[in-house]
Amino acid sequence: MFSSLMLVSLLVLTLPIMSSIFNTYKNSTFPHHVKNTISYAFITSLIPTMMFIHSGQETIISNWHWMTMQTLKLSLSFKLDYFSMIFVPVALFVTWSIMEFSLWYMHSDPYITRFFKYLLTFLITMMILVTANNLFQLFIGWEGVGIMSFLLIGWWYGRTDANTAALQAILYNRIGDIGFIMAMAWFLFNTNTWDLQQIFMLDPNLTNLPLLGLLLAATGKSAQFGLHPWLPSAMEGPTPVSALLHSSTMVVAGVFLLIRFHPLMENNKTIQSLTLCLGAITTLFTAICALTQNDIKKIIAFSTSSQLGLMIVTIGINQPYLAFLHICTHAFFKAMLFMCSGSIIHSLNDEQDIRKMGGLFNAMPFTTTSLIIGSLALTGMPFLTGFYSKDLIIETANTSYTNAWALLMTLIATSLTAVYSTRIIFFALLGQPRFLPLTSINENNPFLINSIKRLLIGSIFAGFFISNNIYPTTVPEMTMPTYMKLTALAVTILGFTLALELSLMTHNLKLEHSTSAFKFSNLLGYYPTIMHRLPPLANLSMSQKSASLLLDSIWLENILPKSISQFQMKTSILISTQKGQIKLYFLSFLITLTLSMLLFNLHE
Amino acid sequence: MSLVHINIFLAFTVSLVGLLMYRSHLMSSLLCLEGMMLSLFVMATMTVLNTHFTLASMMPIILLVFAACEAALGLSLLVMVSNTYGVDHVQNLNLLQC
């Protein structure tokens, strides 16, 4: 009952794709079909989830034996454990709301059916990734989400920036895939399998190499520092794409992978420290970059990156279940933030610069409400959704035996979260309007309102709901000093007040551009500028110089031809005693010949 | 020896002496070399035809072929020298002289 319902839920998702072969593809109701399909799949998947919560029984469905390569058996197997059972309904719920939102947002797009097909294919590959029991199936889902991300970011392919951004996403993800394949190869060599059960059972000792590979894969897919520039560039895609892929679903795939391998990671302190430091750098760096951006979608993208860094930090302090909880709660409010920004952008006639927005507090009350609630949930206001995961993370980090520098950076990043959230609210909503007087502000569409309303209720209650209904996994820290308990709250309030004061104070002053800190933050820490130009130039020029100039022109030309000719000339001059008097030599030959003929003929 | 043989033999000897004793042009020794080859060819053909030694009638023709190759080689050397110096005076051939 349990397993068949889950399989039904997953299968239902593939039906619209199949039907696109027939005529329903040409209909204008195909998007509605897709949205309804996802809502049915969501409701169907709630039943197995509730059964799982009640009984705590994990399941593995192993259907079809694909092939056996000598000692490796590959089959189609689904792992329905704590992580996938809770993630699937959350992801389906968020996707349902996003589909409904994009019915409004992409209404005037002539290829809206293709858009929905791409979104649905993305969802299917994400489900494959999440429910995979062996690394091969996970890799299929991994690559699938990468491809769909490429197709969706470059949706408006006439725009050069969109094509560049899509290519950037693919390249950075590929670098991460190298790590994934290295891990797969290591597991194949040392544990003879790609099944998660067998890997965890065998519990190999020296797991540095595969875990490094998985960390690299997570760095690529979840935009950690070093492979992060693709995420802000990915905002070139339409807002539903940003809401679905680059906030709640695809970018958490890297974190999900690390969470899946938590039995191996909890024994390896080195990798945990690496993860912790990587996550701390990411969260602080992207929060700094978010402070001076002017595009509303880029600020939210950096906010996503910062929260992903926080999830990686949580894995680094050996709390995979808390990281997973943060994934689920983060999906709600981040998707809602993106949808609110999409609503603002569409209403202001495709204006994305926050310096040209303002005064929307009275013009768009519903969007304002949800934006403010989403920002408060993001910063971890007590008892909204974000509180249940984010505050727990900060508390656990404070009270655990961990790297103090990473902890400090995480706290600073938490306060910066409040700062840039205040910045969005201040510039976009408050004050006097800075957009053109002839506006088309209208948020009265039922699709928009219903979808944001659903995620709004989720942003407020989902944290409470999920935390109270899951079974306890790791024991949270119960006792700590009061100041430590209030740390997260204190830094957040500090960030809020600081940002509000600064904004109000400098609101009417002239903007001075010359500070180097501002330039550092605005140009994303100079990272894309340096890394997209210097290494390719160095590589190409070095290879050209070494291959064609050094080898061909210098070595190969001089090894045989020129050196032989010079050598011969020098040695022949050195060792010969002849003077080149040919006539004398010929004359002596003639005289000898004549003499010998005379002697032999006359002698008889 | 018959008169014809003596005649051809004399032609050969004159060319040989001309090859080994020449004044300044390399071209003259090459021409004498050709003369030697020509006289040899005539001698061989006459002998083969007189003694009806049909099987050996290939020999003069092959000799002519090799003579042509050798003339080409000699001419190319001449051209190389002439490229460097403009004239083919023998006293210019001092590559081995320090």
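Below, chains carry the letters A, B, ... as their sequence lines are ordered, and counting in each starts from 1. All values derive from a computational prediction rather than experimental measurement.
From Lys583(A), atom NZ reaches atom CZ of Arg23(B) across 6.5 Å, with rounding to the nearest 0.5 Å.
With a 6.0 Å radius and a threshold of 12 heavy atoms from other residues, nucleotides or ligands, Met58(B) has its CE atom at or below the threshold. Crowding of Tyr526(A) atom OH: a count of heavy atoms from other residues, nucleotides or ligands under 6.0 Å exceeding 12. No more than 12 heavy atoms of other residues, nucleotides or ligands sit less than 6.0 Å from atom CE of Met27(B). Atom CG of Leu206(A) is surrounded by 12 or fewer heavy atoms from other residues, nucleotides or ligands within 6.0 Å.
At a threshold of 4.5 Å between non-hydrogen side-chain atoms, the residues Leu587(A) and Leu20(B) do not count as touching.
Of all heavy-atom pairs spanning Phe586(A) and Leu19(B), the tightest one is CD1-O, 3.6 Å.
Counting heavy-atom pairs closer than 4.5 Å to chain A, the top-ranked of the candidates Leu16(B), Thr13(B), Val17(B) is Val17(B).
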